[in-house]
Amino acid sequence: MVYNTVGFPVLRHVLKPNLDSAHAAFGWFGLCRRGRPGTSDRRQVHGEASRSKLVCYELQHRALLKVQGQDTAAFLQGLMTNDIHLLTDAGQGALYAHMLNVQGRTLFDIMLYSLKEAQGTETRVLLECDSTLSESVQRHLKMYKIRRKVTISACAQLVLWAVLPQHGSEGSEDVRPELVSPENALVFQRDPRTEAMGWRLVVDREVSPLEVMKSCQQGEPEEYHRHRYAIGVPEGARDLPPGSPLPLEANLVYMRGVSFAKGCYIGQELTARTHHTGVVRKRLMPVSLTAADGQSPPEGAPLVTQSGKPAGRHQSTLGDRGLSLVRLAHAKEPLMFKSPDDTLVTLEASVPDWWPKDTF
């Protein structure tokens with residue numbers, strides 16, 4: 001298949017958004033101020049953390065880029081798995097997608113946010129990506145830009161936060177958090193991958209999320225990653241090494257990150273063929289170490305069943321949680337990997353609640 005970044009055939013497929021998402025984009029996007037709010041400011045805003053029902057996590061492992069210009073929509077449409085028109089035309093405030101290589105394997109997992117302060121016909125989009133791959137993403141975009149009227153720039157003055165219900169706060173997942181100062185929120189959208197991932201908030205580096213969110217406290221980033229691993233949501237280069245995972249094995253369909261009606265994009269051929277054949281034999285699944293004794297499987301460690309049959313490979317670990325690429329035929333069996341001292345350590349895979357009920 002020949003990939004032409006100048007003119008991609010596009011079938012607009014406008015879907016009704018099924019997330020309760022709304023847009024809160026205020027202020028001039030180019031504003032850049034220095035400094036960070038002090039701990040004393042945060043305590044003054046919310047002194048009683050025990051009463052908080054929301055927890056904000058600063059996502060330092062994610063970077064933000066601004067893509068703008070009158071050709072932005074057509075440009076991004078040919079480079080990513082999802083349909084940009086859901087963002088620009090259908091009013092969906094956030095969009096999850098992957099950028100693939102020509103072999104159809106994932107290079108980058110990205111999140112796109114619509115910025116409504118566009119001037120004239122110019123479209124502005126905020127692109128979230130892994131911070132260690134930010135320069136690679138920019139090079140990838142600029143390589144395919146050619147004569148497109150698009151500019152790409154880093155946004156070091158902005159900070160991305162994840163907002164999750166506090167553990168044990170019943171019913172809070174269904175209620176949109178209240179903003180006490182919406183003018184300070186450039187982006188405030190529900191995470192498009194699954195409702196279990198809460199909301200995404202983008203503010204200026206000088207603004208504390210505790211000044212923006214009502215009944216909120218700040219949490220440690222490790223808690224955010226433990227939550228991701230517990231429910232099986234991959235994110236970034238550690239979970240999705242560039243050029244290695246197949247997007248459908250990484251559950252891109254389940255995370256609403258791909259359109260099969262949008263038309264051509266780089267890496268589409270293998271992705272579409274796999275989808276239409278309906279054959280996905282392996283999936284990235286959450287695993288727990290049931291008898292690890294402090295031993296974690298190294299990245300890429302082969303997994304086997306109790307009878308010794310190949311069952312996949314391990315991807316990443318945090319404590320007693322992790323993600324593994326598991327053969328579905330063995331997903332309900334105890335899995336094992338060999339530790340450095342040649343002992344077998346048991347893993348147990350689980351099916352996330354947010355997956356379709358007919359997965360198996």
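Residue numbers start at 1 and run along the sequence shown. What you are looking at is a predicted structure, and each value in this text was computed from that prediction instead of being measured. FYI, side chains are in, hydrogens and waters are out, and symmetry mates aren't considered; it's all heavy atoms of this structure.
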Starting from the C-alpha separation in whole Å, work towards a yes-or-no answer on side chain to side chain contact (heavy atoms under 4.5 Å, CB included) for Val187 and Leu126.
CA-CA 9 Å; Val187 168; Leu126 202 60; 4.1 Å; yes
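- The line from CE of Met197 to CG of Leu164 is 6.0 Å long, rounded to the nearest 0.5 Å.
- Side-chain contact between Gln77 and Lys262: present, with at least one pair of heavy atoms (C-beta onward) separated by less than 4.5 Å.
- Side-chain contact between Val326 and Leu335 is present, with heavy atoms from C-beta onward closer than 4.5 Å.
- For the side-chain hydrogen bond (donor to acceptor under 3.5 Å, both in side chains) criterion with His85, the lone passing option out of Asn82, Asp83, Thr88 is Asp83.
- Without hydrogens or angle criteria, Asp191 side chain to Trp199 main chain gives no donor-acceptor distance under 3.5 Å.
- Residues Arg62 and Gln60 have side chains that never bring a donor and an acceptor to within less than 3.5 angstrom of each other.
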List the steps and the verdict of side chain to side chain contact (heavy atoms under 4.5 Å, CB included) for Leu158 and Arg205.
CA-CA 5 Å; Leu158 300 178; Arg205 187 165 292 278; over 6 Å; no
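- Remark: Glu223 CD is packed, more than 12 non-hydrogen atoms of other residues, nucleotides or ligands lying under 6.0 Å away.
- For His330, there are no ring pair (Phe, Tyr, Trp, His ring centres under 6.0 Å) partners two or more places apart in sequence or in a different chain.
- Thr151 pairs with exactly one of Lys145, Lys66, Gln68 by the side-chain contact (heavy atoms from CB on, under 4.5 Å) rule, that one being Gln68.
- Scanning for ring pair (Phe, Tyr, Trp, His ring centres under 6.0 Å) contacts around Tyr96 gives His98, with sequence neighbours left out.
- The existence of a salt bridge linking Asp109 and Arg193 is excluded, since no basic side-chain nitrogen approaches an acidic carboxylate oxygen closer than 4.0 Å.
- In this structure, Phe108 and Asp130 have side chains that are not in contact, with every pair of non-hydrogen atoms separated by 4.5 Å or more.
- A donor-acceptor contact under 3.5 angstrom links the side chains of Glu235 and His61, judged on distance only.
- Side-chain contact, Tyr113 with Gln189: no donor N or O sits under 3.5 Å from an acceptor N or O.
- Not counting sequence neighbours, Arg283 has no partner by the salt bridge (charged side-chain N to carboxylate O under 4.0 Å, His left out) test.
- Residues satisfying the side-chain hydrogen bond (donor to acceptor under 3.5 Å, both in side chains) test with Ser136, not counting sequence neighbours, are Arg139.
- In this structure, CG in Leu95 is found 10.0 Å from OG in Ser114, a value given to the nearest 0.5 Å.
- Here salt bridge (Lys or Arg N to Asp or Glu O under 4.0 Å) pairs that include residues 238-249, with residues two or more places apart or in two chains, are Arg228-Asp239.
- Val279 and Leu284 fall into different hydrophobic clusters, defined by Ile, Leu, Val, Met, Phe, Trp and Tyr side-chain heavy atoms under 4.5 Å apart, directly or through other members.
- The ring pair (Phe, Tyr, Trp, His ring centres under 6.0 Å) check on Tyr229 picks up nothing, with sequence neighbours excluded.
- Judged purely by atom type and a 3.5 angstrom limit, Thr72 uses its side chain to pair as donor or acceptor with the backbone of Gly69.
- Linking Ile, Leu, Val, Met, Phe, Trp and Tyr residues whenever their side-chain heavy atoms come within less than 4.5 Å places Phe260 and Val280 in a single cluster.
- Following chains of ILVMFWY side-chain contacts shorter than 4.5 Å, one can reach Phe75 starting from Val102, so the two form part of one hydrophobic cluster.
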